[in-house]
Number of protein chains: 2
Amino acid sequence: MANRVTLDHIAQHVGVSKTLVSLVLNGKAQQYGISRQTCDRVFAAVKELNYRPNQTARSLRTGKTGTIGLVVSDISNTFYAQLARQFEDLATANGYSVFICSTDEDVEKEQRLITMLRNRQVDGLVVSSSQSNAEWLMAINDSGTPLVLIDRHLGASTLTAVVAANRNGGALLANQLFEQGYRHPLVIGLSTNHISSVAERIEGFVEVFKGKGQTCAIREVGFNTLQPDVHSLLANPKLLPFKPDCLFAVNNNVATAALQSLAAMRVKIPNELGLVCFDDLPYFSIIEPTITAVEQPIAAMCGKAFELLQLKMVGDSVEVSQGILELPVKLNIRRSSLKKSK
Amino acid sequence: MANRVTLDHIAQHVGVSKTLVSLVLNGKAQQYGISRQTCDRVFAAVKELNYRPNQTARSLRTGKTGTIGLVVSDISNTFYAQLARQFEDLATANGYSVFICSTDEDVEKEQRLITMLRNRQVDGLVVSSSQSNAEWLMAINDSGTPLVLIDRHLGASTLTAVVAANRNGGALLANQLFEQGYRHPLVIGLSTNHISSVAERIEGFVEVFKGKGQTCAIREVGFNTLQPDVHSLLANPKLLPFKPDCLFAVNNNVATAALQSLAAMRVKIPNELGLVCFDDLPYFSIIEPTITAVEQPIAAMCGKAFELLQLKMVGDSVEVSQGILELPVKLNIRRSSLKKSK
DNA sequence: AAAAAAAACTAAATCGATTTAGTAACAAAT
DNA sequence: ATTTGTTACTAAATCGATTTAGTTTTTTTT
C-alpha cells in the first residue's frame, strides 16, 4: 500500500526495459551507452510517477542494507545519547541508517538484540558490550559481520575497539584529589565492574593513591538500583573501613545519584567531601559547586569507530587494525575538588 | 558473507522442500498437517546449521519490515533520549526495531530523513515534526504509511498526534509564579515558535498573566545559537521593556542555558529572579536552588503513540482516532519559584 | 471396488530490485 | 563483402524468503 510504483511501472511508462531504468538510476548510463534523451525520459517518469526505490528489494539483491546496529546499555543515559547523536550524523552523511538498541547491561538481552540485528542483515555493528569475555562476539566477528566495539573493550581479544583513556582518566582525577589534600577516597563503582571502562577507571584511580601510600575504599552499586544503593552507602559510613574525605563517581549516573544523596544529607562539597566524576555533563559547570570531571572524547570515538567500521564494511580485504584504540580524555577541574581554595 | 545458511540448505539437509521448512518455522505445521517427526528434524537442522532467517528476504515477500522510524529534533536532548528509550522498549517487546533520526529542527532534513525511512519500507513512523503545516505529512499519511505525531501536533489537521498538555503546563507554571508574587515574567522561547508545543506553552503562560492584568516580555532564541542568545538576552536588560522578576524557560535546553548565564552573572534565584521550566531533568532536584518544572508524561505518551501506531500498522481498517490526544502533565514545585519562602 | 476424505508434503510464482550475458542496428575498417 | 566495433538497448537469472495451488499416498466411507 505504501509504495505502489516499481521499476516496472517506470519502464512501461517510458517504454523501455526495467534493466535500463535501473542502470540509469544507478548512474551507469554513460558506462552502458544509454542516450541522453532516454535518460531524461526516465528521470521525467520517475518524477511524474513519484517513484521511490524499494530499499528492501535492493538490499536482497545486493546483500547490503545500508544499516548499522548501535548497541549500548541505555540510550537515555546522556553519555550514550550524545554518542548516538554523533554516530548518527556520521552514518547519515554516509548513507547509512542506524538501529539503536539498549541492553540494560543484560548479557542475554544484548545477545538477543545482536542476533536480531544480524537477521536484519545490518552491514555493521557498533557495540558497547556488557559481556565478560570475547568468545561470543569473536564468533560474530569471525563469521564476517563487521564489528567494532566502542567505549568498552574485551580484554586481550583481537576485536577492534575504540575506547577512552579510562585508566589515565582515573589517574588524573586521583592526582587532582591528592594534590588538593584529599587522602581517603571512596570509589563508587558498579556491580558491572568487570566492564573494562569501569574497571580501568578504578584501577587508574586506585594506583595513584596506592603510590602515595593511601588506600581507597571501593564499593559497588547495582545498575538497576543505583539511587538507593548509593544513598545507603553514603548514609551508613559504618559500613566503610574509614570515613572518606572524597568521592570518585565512576560514571555520570553514579555522580548524579551521589549528588542527590549528598544534597539531601546537606553534606558540603568540596570541604566536607570532595567529589570527582568520570563523564562530564552539561549541568556540572552550572551547579554550585561546579563538578570536577573527566570529559570523554565522544566525537573522536565515534569518528574513529565509524572509520574502522567502514573499512570493515567495504571489506576490500584491507586488514583493519585490530585491538584497542585509546583516545585521550580531558580533565575539567572545577570547584568540587578544590579543598585548598576554601 | 554474513549469512550463509538459507532455507534451501535446511531443506536439503533434512530432505524436504523449503516450503515445508518455511511452514514449520512459521508455526504453521499443525495447520498444514506436517508430522511431528518432520518438524523435529527441521528444528534439529536449524540448530545444527545455525540457521538465521534473512529478514530482508522475508520483508520483500511479506511487505512488512518490522521496523519503525522515530524522527525527533535531536536524540541527544535528554527529553528525546528518554522518549526514545521508552519507545524502543515498547517496539522491541512487539518485535519491531527502531531507526532513530535527528532533524536539528530543519524541515528539509526532516523530509529527507522521512523519505529515506519510507524507502526503507518502515512499517510506521513516529515524528516530532518541525514543519509549520500539515500538507507534506498529510500526503504521507494519506498514501497509507502509518504515521503518528508525537510531542507536537500540526494544527487542525486530522493527523493522529499524541502530545503533552502544553497549554495547561504553561498555565500551571504561570500560576505558581503569580501566587508567589512574581509580576514581570520574561518568557524565553525558541525561534521555532511555530511549533505547537512551544507555542502552546507560551500561550498558556501568557494568558494567565494577562488575566491578572500583567504583561509578559517574550523573546526568542535560536536552536543552534541557544547559549549565546540566552546569555545576551539576560546580560542586556535594556533590550527588554522592563526588568523581569522571573523567567519561563520554554524547554530544558533553554533552562540549562539560562542557569549557566545566571550562575556566571551571580544572579540569585529565586529572590532576584524566579525561574520555572517546561521539561523536568534529573538535576533539577539536585541543584541549589532546586528548579520548579513541568514534567512531561513521557511513558504515557510513548505508550499511547505506540498503541495508535500499531492499530494503523495492522491496518484492519479499524478507524484510528484522529486528531490530537493530550496527556496531563505534572507540576513539580521546587525552590526556584518560591519567593515567599525567603 | 470405487469414491471421498485426510494426511503429508511440494513445485512454482512472487516480492522489486540488480546484474550477467547477451542482441539488434548501423557505421567503419580491411 | 566480410569482419570488427559502437551504440543503445533487453531477457532472464538472481537474492531468500512466503504463499498459492496443487500432488501423492494412505485411509475411510459407501
Side-chain angles (χ1 to χ4, degrees), chain A residues 1-42 45-46 49-67 116 118-123, chain B residues 1-42 45-46 49-67 116 118-123:
Chain A
M1 182 173 292
N3 196 9
R4 305 270 79 232
V5 185
T6 71
L7 266 194
D8 267 318
H9 294 126
I10 303 290
Q12 277 178 31
H13 191 262
V14 177
V16 294
S17 71
K18 64 174 171 179
T19 303
L20 185 143
V21 177
S22 172
L23 293 173
V24 169
L25 294 183
N26 287 293
K28 299 184 182 160
Q30 201 107 47
Q31 178 185 340
Y32 279 79
I34 293 162
S35 72
R36 177 149 298 284
Q37 300 101 288
T38 311
C39 286
D40 289 347
R41 279 159 63 219
V42 168
V46 162
L49 303 185
N50 189 27
Y51 169 74
R52 288 179 302 107
N54 182 320
Q55 177 63 45
T56 301
R58 181 202 293 255
S59 296
L60 178 58
R61 182 64 234 251
T62 62
K64 296 280 168 202
T65 55
T67 60
M116 185 257 283
R118 293 182 77 208
N119 292 357
R120 291 195 185 284
Q121 313 297 123
V122 291
D123 294 339
Chain B
M1 185 173 292
N3 195 9
R4 305 270 77 235
V5 186
T6 71
L7 266 195
D8 266 317
H9 294 127
I10 304 290
Q12 278 179 30
H13 191 261
V14 177
V16 294
S17 71
K18 65 175 171 178
T19 303
L20 185 143
V21 178
S22 173
L23 292 173
V24 169
L25 294 184
N26 287 293
K28 300 185 180 158
Q30 201 106 48
Q31 179 185 340
Y32 279 79
I34 293 162
S35 72
R36 177 148 300 282
Q37 303 100 287
T38 310
C39 286
D40 289 347
R41 281 160 61 220
V42 168
V46 163
L49 302 185
N50 188 29
Y51 170 73
R52 289 178 301 109
N54 183 320
Q55 177 63 45
T56 300
R58 181 201 294 252
S59 296
L60 178 58
R61 182 63 235 248
T62 62
K64 296 279 169 205
T65 54
T67 60
M116 185 258 283
R118 295 181 77 208
N119 291 355
R120 291 196 185 286
Q121 314 297 122
V122 292
D123 294 341

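Just so it is clear, the model here is predicted, and its values are computed rather than measured. Chain identifiers are assigned alphabetically (A, B, ...) following the order of the sequence lines, protein sequences preceding nucleic acid strands; residue numbering begins at 1 within each chain.
- Where A:Gly33 and B:Lys18 each meet DNA chain D at their nearest nucleotide, the meeting point lying more 5' is that of A:Gly33.
- Using a 4.0 Å heavy-atom criterion, one finds that A:Ser35 contacts the sugar-phosphate atoms exclusively.
- Distance from the side chain of A:Leu60 is smallest to D:dC15 among D:dC9, D:dC15, D:dT19.
- Checked against C:dG16, C:dT10, D:dA17, the side chain of B:Pro53 finds its nearest nucleotide in D:dA17.
- One can find a donor-acceptor pair under 3.5 Å joining the base of D:dA12 and the side-chain atoms of A:Thr19.
- Put simply, NZ on A:Lys64 is 18 Å from C1' on D:dT14, counting in whole angstrom units.
- The CG atom of B:Asn54 lies 9.5 Å from the OG1 atom of B:Thr6; values are rounded to the nearest 0.5 Å.
- If you check D:dG16, C:dA17, C:dT19 against the side chain of B:Asn54, the one that comes closest is D:dG16.
- Rounded to a whole Å, the CD atom of A:Gln30 is 11 Å from the P atom of D:dT7.
- Closest approach of A:Cys39 and A:Val24 over heavy atoms only: SG-CG2, 4.0 Å.
- Distance check, rounded to the nearest 0.5 Å: CG of B:Leu20 to CZ of B:Arg41 gives 9.0 Å.
- Across all their heavy atoms, B:Asn119 and A:Arg52 have their closest contact at OD1-NH1, 2.9 Å.
- Of the listed nucleotides (D:dC9, C:dT10, D:dT18), C:dT10 has the atom at the smallest distance from the side chain of B:Leu23.
- Atom CD of B:Gln31 is separated from atom P of C:dC9 by 15 Å (rounded to the nearest Å).
- One finds a side-chain N or O of B:Thr38 lying less than 4.0 angstrom from the OP1 or OP2 phosphate oxygen of C:dC9.
- You'll find that the side chain of A:Ser22 is closest to C:dT19, out of C:dA11, D:dT10, C:dT19.
- In terms of heavy-atom proximity, B:Lys64 sits nearest to B:Asp123 at CA-OD1, 3.5 Å.
- The interatomic distance linking B:Ile34 (CD1) with C:dA7 (P) rounds to 13 Å, in whole Å.
- In this structure, B:Asn26 reaches the sugar-phosphate backbone alone: every heavy-atom distance under 4.0 Å involves primed, P, OP1 or OP2 atoms, never a base.
- The main-chain N or O of A:Tyr51 is never found under 3.5 Å from a side-chain atom of A:His9 such that the two would form a donor-acceptor pair.
- Computed from coordinates, the B:His9 NE2 to D:dG16 C1' distance equals 11 Å when rounded to whole Å.
- Per the geometry, CZ belonging to A:Arg58 stands 16 Å off C1' belonging to D:dT14, to the nearest Å.
- A:Thr65 and A:Val122 get closest at one heavy-atom pair: OG1-CA, 3.7 Å.
- At its two ends the helix from C:dA1-D:dT30 to C:dT30-D:dA1 runs along axes set 70° apart, each axis drawn from five pairs and the angle rounded to 10°.
- Remark: A:Ser17 is in phosphate contact with D:dT10, judged by side-chain N or O atoms under 4.0 Å from OP1 or OP2.
- In this structure, A:Leu20 places its CG atom 15 Å from C1' of C:dA24, rounding to the nearest Å.
- Of the candidate nucleotides D:dA17, D:dA11, D:dT20, D:dT20 has the atom lying nearest to any side-chain atom of B:Tyr32.
- Here the nucleotide nearest the side chain of A:Leu7, chosen from C:dA21, C:dA11, C:dA17, is C:dA17.
- Taking 3.5 Å as the limit, the base of D:dT14 and the side chain of A:Arg61 contain a donor-acceptor pair of atoms between them.
- Contact between B:Leu25 and B:Val46 at its shortest, heavy atoms only, is CD2-CG2, 3.9 Å.
- Among the heavy atoms of the strands, none lies under 4.0 Å from A:Ser59.
- When the side chain to side chain donor-acceptor pair (under 3.5 Å) test is applied to B:Arg120, the partners found at least two apart in sequence or on another chain are A:Ser97.
- Looking at heavy-atom distances under 4.0 Å, B:Lys28 makes contact with sugar-phosphate atoms alone, never a base.
- Across the protein-nucleic acid pair, A:Arg4 atom CZ and C:dC15 atom C1' stand 11 Å apart, rounded to whole Å.
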